[in-house]
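Since we're looking at a predicted model, the values are computed, not measured.
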Amino acid sequence: VSQLVARCVGWSSACAITLQFSWTSQCKLVREQRREVESSHKVVLEDSIHRSEAKTVTTVVEYFWAQTLDYVFEVFSGTGHGSDCERLELHRGTLTGEIITSTEVMPHPECAHGRKCSCELTWLMKHIDA
């Protein structure tokens, strides 16, 4: 960590330093599952000779979706573009989860790129004794 801070402090004497968070999300249908669910109520029909009971059975359809979120925190010098820019990746990760829906409508876009969140660190880096 101290080497990272020292490097950013060095950059701050010549150009702007920015911390940035960005992410990409993916959602895809994994499977469709059908199951039978019995009603908790029953109907009883009786006459003097016969007695019968009936329950309602409902077919439930569930859709299982895989959701993946890839994210990265990085620090860069200058504008973040071009040959004079230096980038340091602080952390990269992936989160995964499962979403279950009752309709075949995709719960999230198939692929989405989040708006990059940036924070200017130049002033802070100029005031750190590294």
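- Other residues, nucleotides and ligands contribute more than 12 heavy atoms inside 6.0 Å of the NZ atom of Lys55.
- A salt bridge links Glu53 with Arg51: the closest approach of a Lys/Arg side-chain nitrogen to an acidic carboxylate oxygen falls below 4.0 angstrom.
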Dump the intermediate steps for side-chain hydrogen bond (donor to acceptor under 3.5 Å, both in side chains) on Gln20 and Ser118, then the final yes or no. CA-CA 4 Å; Gln20 184 171 271; Ser118 300; 3.2 Å; yes
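- Between Gly78 and Cys15, the shortest heavy-atom distance links the atoms N-SG, 3.6 Å.
- Electrostatic pairing of Arg34 and Glu32 counts as a salt bridge here, judged by a charged N lying under 4.0 Å from a carboxylate O.
- A side-chain donor from one of Ser25 and Gln67 sits under 3.5 Å from a side-chain acceptor of the other.
- Across every non-hydrogen atom of Trp23 and Ala112, the tightest pair is CZ3-O, 3.9 Å.
- The distance from atom CE of Met106 to atom CD1 of Ile99, rounded to the nearest 0.5 Å, is 10.0 Å.
- The pair Glu110-Lys28 does not meet the salt-bridge criterion, since no charged nitrogen lies less than 4.0 angstrom from a carboxylate oxygen.
- When only modelled atom types and interatomic distance are considered, Thr59 and Glu36 share a side-chain donor-acceptor pair under 3.5 Å.
- The backbone N or O of Trp123 lies less than 3.5 Å from a partner atom in the side chain of His127, making a donor-acceptor pair.
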Decide side-chain contact (heavy atoms from CB on, under 4.5 Å) for Thr94 and Thr68; before the verdict, give the C-alpha distance in whole Å, the side-chain angles of both, and the deciding distance to 0.1 Å. CA-CA 7 Å; Thr94 300; Thr68 305; 3.7 Å; yes
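- Remark: Glu74 does not engage Lys116 in a salt bridge, criterion side-chain N to carboxylate O under 4.0 Å.
- Listed for the Thr122 side chain is a donor-acceptor partner under 3.5 Å among the backbone atoms of Ile17.
- Atom CZ of Arg7 sits about 9.5 Å away from atom CD of Gln3, to the nearest 0.5 Å.
- One finds the CG atom of Leu95 at 5.0 Å from the OH atom of Tyr71 (value rounded to the nearest 0.5 Å).
- By the 4.5 Å heavy-atom criterion applied to side chains, Glu62 and Arg35 are counted as neighbours.
- Under the 4.5 Å side-chain heavy-atom criterion for grouping Ile, Leu, Val, Met, Phe, Trp and Tyr, Val72 is not connected to Leu88 through any hydrophobic cluster.
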For a side-chain hydrogen bond (donor to acceptor under 3.5 Å, both in side chains) check, start with the C-alpha distance between Thr24 and Asp70, then their side-chain angles and the critical distance, and finish with the verdict. CA-CA 5 Å; Thr24 302; Asp70 296 310; over 6 Å; no
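- Smallest separation of non-hydrogen atoms from Cys27 and Pro109: CB-O, 3.5 Å.
- Residues Leu90 and Val75 meet the side-chain proximity criterion, which asks for heavy atoms closer than 4.5 Å.
- Residues Ser48 and Glu46 fail the side-chain proximity criterion, which asks for heavy atoms closer than 4.5 Å.
- Distance CE/Met125 to OG/Ser13: 12.5 Å, rounded to 0.5 Å.
- Note: Trp65 and Tyr63 have tilted aromatic rings, judged against thresholds of 30 and 60 degrees for the angle between ring planes.
- Of the inter-residue distances, the one linking Leu69 atom CG with His108 atom NE2 reads 10.5 Å to the nearest 0.5 angstrom.
- Atom OG of Ser12 and atom CG of Leu124 lie 9.0 Å apart (nearest 0.5 Å).
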Using the rule given for side-chain contact (heavy atoms from CB on, under 4.5 Å), can you reason through Phe76 versus Glu86, listing the C-alpha separation, both sets of side-chain angles and the distance that settles it, and then say yes or no? CA-CA 6 Å; Phe76 61 84; Glu86 289 191 65; over 6 Å; no
